[in-house]
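Have a look at the structure below before the remarks.
Position 1 is the first residue of the sequence; numbering continues from there.
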Amino acid sequence: MALSIAQFTFFTRAASSSFLHRTNARFNHFTFSTPFSTAAATCTRKKNGRLSVLSALELGGVKIARDDVVRDDPTNNVPDSIFSKLGMQLHKRNQHPIGILKNAIYEYFDASYSTKFDKFDDLCPLVSVKQNFDDVLVPADHISRSYNDTYYVDSGTVLRCHTSAHQAELLRDGHTHFLVTGDVYRRDSIDSTHYPVFHQMEGFRVFSPKEWEASALDGTSYAAEDLKKCLEGLARHIFGAVEMRWIDAYFPFTNPSFELEIYFQEKWMEVLGCGVTEQEILRNNGQHDSVAWAFGLGLERLAMVLFDIPDIRLFWTTDERFTSQFTKGKMGIKFKPFSKFPPCYKDMSFWINESFTENNLCEVVRGVAGDLAEEVQLIDNFTNKKGMTSHCYRIAYRSMERSLTDEEINELQRKVREQVETKLNVELR
């Protein structure tokens with residue numbers, strides 16, 4: 001299966017978040033181009049047997065209305081702030097850092113493998129629970145399936161947590177070499193490196209017995225050796241002549257599994273997660289007697305380093321002071337900060353209940369403040385003699401484009417306190 005740092009990290013950070021964003025510890029994922037298959041057809045939601053008429057956007061030829069994604073339903077936890085990101089597809093903008101990085105990776109594969117790898121970057125992000133979890137061997141009790149971590153449209157449909165949600169279908173359709181890029185969605189914390197929408201790219205390559213039988217290696221060893229050679233070349237293409245090292249890892253969908261680290265800017269940095277695909281995935285999708293490798297990487301995470309971008313929110317700004325700094329095909333451009341507006345800090349304390357989670361708190365804060373919320377940090381907690389636990393969170397508000405007034409901040413904080421109390425059922429202090 002195709003994985004990214006985000007995806008692989010999803011599993012290694014089981015207590016909090018996947019293999020694609022190590023900082024975002026969780027899963028990784030992908031998109032499809034026309035003609036559209038049954039996977040994309042899940043986007044065409046029906047109401048009372050009729051197609052929704054409130055079409056707000058179109059992804060890969062599939063129309064999606066707000067009511068298809070945001071619903072007054074106990075099994076739905078998708079807010080309007082997330083729906084608003086559908087269709088933005090930063091990875092398809094050639095003058096945007098995400099698109100520039102994607103195209104640079106494409107260039108490497110085109111030069112190294114000619115036209116061998118099929119490329120997909122327009123698949124619909126609405127997928128089934130089976131596609132998102134079962135098809136890639138995510139355990140039934142894994143934390144990534146929870147409503148705390150994943151955006152559910154209904155009990156059987158999610159906003160993909162990783163592009164690997166499309167992997168099984170691609171294999172069944174006969175694709176053996178492919179790159180998949182797309183926007184993925186995950187409930188997460190609020191800080192400079194985490195955002196509930198980000199972009200992943202993964203690669204997948206299948207080998208037939210005749211490809212490794214001529215070597216002195218078994219299929220698994222042959223695939224692992226080819227994988228490392230491919231990815232070391234990719235790292236040099238992106239970062240130049242850097243020192244590299246391989247770290248043994250664990251992911252449920254690959255065995256053996258690895259992480260590639262490079263020595264960059266005087267420290268070791270994880271670039272991606274990868275491994276030899278589990279045989280069960282191949283057999284389930286018609287690839288008998290084959291072996292395969294997969295890798296995944298988080299585009300934001302690498303772009304922040306390559307372009308010196310200090311805050312993940314900047315990728316979503318439309319401010320020309322940001323967008324005009326980048327040029328199609330140029331990887332060496334360093335971002336020049338244009339905002340020196342100070343943050344404003346507000347603290348909030350409350351008694352938590354058993355159902356409280358920090359991800360739920362961050363969803364409330366984002367729902368009120370949007371991208372004006374720069375960070376939410378737990379700064380104090382204690383348990384009293386009655387067994388009640390109190391948390392104190394510090395919220396940093398800051399606009400990257402203008403100064404915020406005291407009145408704006410106070411009103412935002414008032415609304416946050418009000419909604420935290422009512423939506424999370426906690427007692428404010």
Side-chain angles (χ1 to χ4, degrees), residues 21 24 31 55-60 64-66 69-70 78-104 121-122 124-125 151 159 181-186 188 190-201 298-344 362-363 365-375 396-405 408-409 411-412:
H21 259 96
N24 212 37
T31 59
S55 179
L57 56 95
E58 184 172 303
L59 293 178
I64 306 175
R66 176 189 177 276
V69 181
V70 182
V78 183
D80 279 312
S81 59
I82 294 299
F83 176 75
S84 69
K85 297 295 190 291
L86 290 173
M88 295 189 70
Q89 298 184 314
L90 303 183
H91 60 287
K92 299 184 73 174
R93 302 181 185 185
N94 293 332
Q95 290 182 280
H96 190 282
I98 300 299
I100 295 170
L101 177 56
K102 181 200 77 170
N103 291 334
D121 68 355
D122 195 23
C124 179
Y151 289 110
L159 287 171
T181 314
D183 44 326
V184 298
Y185 299 78
R186 236 172 271 158
D188 215 331
I190 297 177
D191 60 35
S192 63
T193 62
H194 292 77
Y195 203 76
V197 189
F198 53 101
H199 298 77
Q200 299 177 348
M201 177 186 288
L299 293 175
E300 274 87 347
R301 184 173 182 274
L302 299 185
M304 291 179 77
V305 174
L306 290 164
F307 295 94
D308 283 354
I309 296 172
D311 194 305
I312 197 168
R313 294 176 297 165
L314 281 164
F315 289 115
W316 297 92
T317 185
T318 57
D319 193 313
E320 288 187 359
R321 290 174 293 176
F322 177 82
T323 59
S324 65
Q325 291 191 35
F326 306 99
T327 303
K328 176 182 178 180
K330 292 190 176 181
M331 287 281 289
I333 297 174
K334 301 301 182 182
F335 170 66
K336 296 180 177 60
F338 56 83
S339 169
K340 299 188 183 299
F341 302 116
C344 178
C362 290
E363 283 294 298
V365 174
R366 278 198 178 100
V368 173
D371 285 353
L372 296 181
E374 180 175 74
E375 185 175 27
Y397 296 99
R398 189 206 309 247
S399 170
M400 294 173 288
E401 301 170 0
R402 62 184 179 85
S403 292
L404 300 176
T405 66
E408 283 181 287
I409 298 300
E411 179 62 13
L412 287 173

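Scanning for side-chain contact (heavy atoms from CB on, under 4.5 Å) contacts around Ile190 gives Cys362, Val365, Arg366, Ala373, Val376, with sequence neighbours left out. Remark: Tyr185 engages no residue in a ring pair (Phe, Tyr, Trp, His ring centres under 6.0 Å) (not counting sequence neighbours).
At a threshold of 4.5 Å between non-hydrogen side-chain atoms, the residues Phe322 and Glu401 do not count as touching.
Aromatic ring orientation, Phe307 versus Phe326: perpendicular (interplanar angle above 60°, classes split at 30° and 60°).
Applying the salt bridge (charged side-chain N to carboxylate O under 4.0 Å, His left out) test to residues at least two apart or on different chains, none of the pairs has a partner in residues 328-337.
In this structure a side-chain-to-backbone donor-acceptor pair under 3.5 Å is present from Ser84 to Ser81. The backbone N or O of Asp371 sits less than 3.5 Å from a side-chain atom of Arg313, completing a donor-acceptor pair. Listed for the His96 side chain is a donor-acceptor partner under 3.5 Å among the backbone atoms of Phe315. In this structure a side-chain-to-backbone donor-acceptor pair under 3.5 Å is missing from Arg93 to Ile98.
Rounding to the nearest 0.5 Å gives a distance of 5.0 Å between NE2 of His194 and CG of Asp188. Interatomic distance, CD1 of Ile312 versus OH of Tyr195, reported as 8.5 Å (0.5 Å rounding).
Between the side chains of Asp122 and Gln89, at least one donor N or O sits under 3.5 Å from an acceptor N or O.
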Quiz item: When you look at Lys102 and Asp121, which way does the salt bridge (Lys or Arg N to Asp or Glu O under 4.0 Å) test go after all the steps?
Solution: CA-CA 10 Å; Lys102 181 200 77 170; Asp121 68 355; 2.9 Å; yes
